[in-house]
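Remarks on the structure that follows.
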Amino acid sequence: MELTLGMYHSFGNDYLVYDCLKNNYELKPEDIRNICNRQFGAGSDGILVGPVQIFGKMGVKIYNPDGSEAAISGNGLCIFAKYLKDAGYVVKKEFVLQTQSRAVSVHYHNEEGKEMTISMGKLYCGQTSPEAKTKENERIPITYGGKQYEGTCVWMGNLHCIIPMDEISKEAVCTIGAELEKSGRFPDGINTQIIKIGDKNHIDTEVYERGAGYTLASGSSCCAAAGVAYQLGLTDPCVYVHMPGGTLTVRVDEEMNACMTGTAECIGKITLSDEFLRKYQIMAEG
């Protein structure tokens with residue numbers, strides 16, 4: 001009885017990779033919660049499961065540390081693209097990867113697959129979904145520290161709320177993000193980003209993710225933040241988005257399609273012990 005996972009990170013956003021072609025056990029939500037637990041498990045911001053077939057294409061399933069499934073993750077896609085290169089599943093310079101919400105195109109910048117540009121698709125700024133016909137949710141009033149702010153919803157396979165502020169901090173995004181998450185307005189959850197505009201080409205951001213909480217980096221959040229900032233006339237189409245974990249380059253075109261250039265690194269592999277697997281009854285049915 002053995003379960004081995006790859007360990008990767010992208011700007012400090014760390015994921016475990018579970019190769020389902022090399023393992024025949026299907027991870028359950030409680031398995032994911034136990035494995036991702038940083039005190040009693042391996043510790044991770046989530047688990048990437050693949051390669052799998054999604055809508056007839058090679059894809060990846062993305063799981064948050066609470067066991068819920070994420071529709072998309074920019075950093076998760078960078079990491080999985082790196083894993084596909086490391087494992088020899090992809091040898092071409094470009095390929096298409098399917099998620100639960102949309103297909104993205106990946107372009108490697110080097111042979112080892114450490115740096116890549118990912119075309120993330122269209123941003124729907126001011127909407128809670130591509131099908132949204134009304135504007136009632138496009139602006140969200142936010143109160144923090146006795147001041148009023150305004151958040152903008154943007155959908156890009158998952159839902160984000162972007163809030164420009166004069167000063168940003170971990171404390172602020174955690175407070176605001178937790179309040180939005182428990183507000184009941186967003187049944188499928190929402191990611192929260194507070195942003196500070198440096199100039200036309202630089203944005204600072206702090207991120208609170210649905211199902212994960214505070215995180216050092218988020219690729220999809222950077223794309224959402226860049227899209228809203230550009231739409232509001234605060235930045236140019238190409239910006240450097242600075243996160244606590246590092247800096248991501250994002251470009252948004254006139255039709256609000258976003259692409260991001262990021263990196264991913266392999267940390268190593270981890271094999272879960274028989275004691276751990278037995279304790280949480282992981283693979284008990286295998």
Side-chain angles (χ1 to χ4, degrees), residues 1-10 13-36 41-42 44-108 113 116-121 156-159 188-189 191 209-212 218-220 260 262 264-272 277 280 282-286:
M1 183 168 61
E2 186 176 280
L3 197 160
T4 300
L5 303 100
M7 300 177 67
Y8 287 76
H9 86 90
S10 177
N13 195 196
D14 61 323
Y15 278 88
L16 296 170
V17 179
Y18 182 73
D19 191 326
C20 54
L21 296 184
K22 298 178 180 178
N23 299 278
N24 56 15
Y25 176 74
E26 184 175 349
L27 293 174
K28 302 183 293 293
E30 57 266 32
D31 298 333
I32 293 166
R33 288 194 294 270
N34 290 326
I35 293 170
C36 290
S44 178
D45 285 327
I47 296 181
L48 307 172
V49 176
V52 294
Q53 288 289 308
I54 302 177
F55 309 130
K57 299 177 181 177
M58 181 174 66
V60 58
K61 291 188 175 182
I62 304 163
Y63 292 96
N64 295 313
D66 66 356
S68 63
E69 188 168 1
I72 197 168
S73 164
N75 288 341
L77 293 174
C78 286
I79 287 170
F80 196 69
K82 168 65 172 161
Y83 175 76
L84 291 173
K85 176 68 80 169
D86 290 346
Y89 289 126
V90 173
V91 295
K92 295 181 179 180
K93 196 170 185 177
E94 297 183 356
F95 73 101
V96 174
L97 183 61
Q98 182 71 47
T99 71
Q100 289 290 61
S101 63
R102 56 175 54 180
V104 303
S105 61
V106 180
H107 173 86
Y108 293 113
M116 67 287 291
T117 293
I118 300 181
S119 297
M120 297 287 287
M156 53 164 306
N158 54 2
L159 186 60
D188 296 325
N191 300 312
E209 286 192 320
R210 165 196 170 270
S218 170
S220 62
M260 65 176 204
E265 295 183 10
C266 177
I267 301 168
K269 294 181 180 180
I270 181 169
T271 299
L272 300 178
L277 297 175
Y280 295 107
I282 298 173
M283 298 177 68
E285 64 193 46

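Numbers here simply count residues along the sequence, with the first being 1.
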For residues 75-86, tabulate all N or O donor-acceptor pairs below 3.5 Å that involve a side-chain atom, not counting sequence neighbours.
from  : atom 1 : to     : atom 2 : distance (Å)
Asn75 : OD1    : Ser10  : OG     : 3.4
Asn75 : ND2    : Asn13  : OD1    : 3.2
Asn75 : ND2    : Ala217 : O      : 3.3
Lys82 : NZ     : Asp86  : OD1    : 3.1
Lys82 : NZ     : Glu112 : O      : 2.8
Tyr83 : OH     : Asp19  : OD2    : 2.5
Asp86 : OD2    : Tyr8   : OH     : 2.7

Review point. Just how far is it from atom CE of Met120 to atom OG of Ser73, taken to the nearest 0.5 Å?
Key: 7.5 Å

Practice item. State which residues pass side chain to side chain contact (heavy atoms under 4.5 Å, CB included) with Ala212; sequence neighbours excluded, sorted by chain then number. Key: Pro65, Glu209

Check your understanding: If you measure from CD1 on Ile282 to CG on Asp31, what distance do you get to the nearest 0.5 Å?
Key -> 4.5 Å

Check your understanding: How long is the span from the NE2 atom in His107 to the OG atom in Ser119, to the nearest 0.5 Å?
Key -> 10.0 Å

**Study point:** Non-neighbouring partners of Gln100 that pass side-chain hydrogen bond (donor to acceptor under 3.5 Å, both in side chains), sequence neighbours left out
**Key:** Glu69

Check your understanding: Does a side-chain heavy-atom distance below 4.5 Å link Ile35 with Tyr18?
Key -> no

Study note, to complete from the structure: The reported gap from CG in Asp45 to CG in Asp14 (rounded to nearest 0.5 angstrom) is 4.5 Å

Practice item. Supply the atom-to-atom distance Met260 CE to Ser220 OG, rounded to the nearest 0.5 angstrom. Key: 8.0 Å

Review point. Would you call Met7 and Leu16 a side-chain contact if the rule is heavy atoms closer than 4.5 Å?
Key: yes

**Study point:** Spatial distance of atom CZ (Phe55) from atom OG1 (Thr99) [nearest 0.5 Å]
**Key:** 8.0 Å

Exercise for review: Answer yes or no: is there a side-chain heavy-atom contact under 4.5 Å between Asp188 and Asn158?
Suggested key: no

For residues 56-64, run the donor-acceptor check on the side chains, cut-off 3.5 Å, and write out each pair with its distance to 0.1 Å, sequence neighbours left out.
from  : atom 1 : to    : atom 2 : distance (Å)
Asn64 : ND2    : Ser68 : OG     : 3.0

**Study point:** Nearest atoms (heavy-atom pairs only) where Tyr108 meets Gly113
**Key:** CD2-CA, 3.6 Å

Check your understanding: In this structure, are over 12 heavy atoms from other groups packed under 6.0 Å from Lys92 atom NZ?
Key -> no

Exercise for review: Would you check if Gln53 and Gln98 make a side-chain contact, meaning some heavy-atom pair closer than 4.5 Å?
Suggested key: no

Practice item. Using the test side chain to side chain contact (heavy atoms under 4.5 Å, CB included), find all partners of Glu30 that sit at least two apart in sequence or belong to another chain. Key: Lys28, Arg33

Review point. Would Ile72 and Val104 satisfy side-chain contact (heavy atoms from CB on, under 4.5 Å), going step by step from the backbone distance to the final call?
Key: CA-CA 10 Å; Ile72 197 168; Val104 303; 4.2 Å; yes

Point to revise | Under the side chain to side chain contact (heavy atoms under 4.5 Å, CB included) test, residues paired with Thr271 that sit two or more places apart | key: Glu2, Thr4

Check your understanding: Would a 4.5 Å heavy-atom cut-off, applied to side chains only, mark Leu3 and Leu27 as touching?
Key -> yes

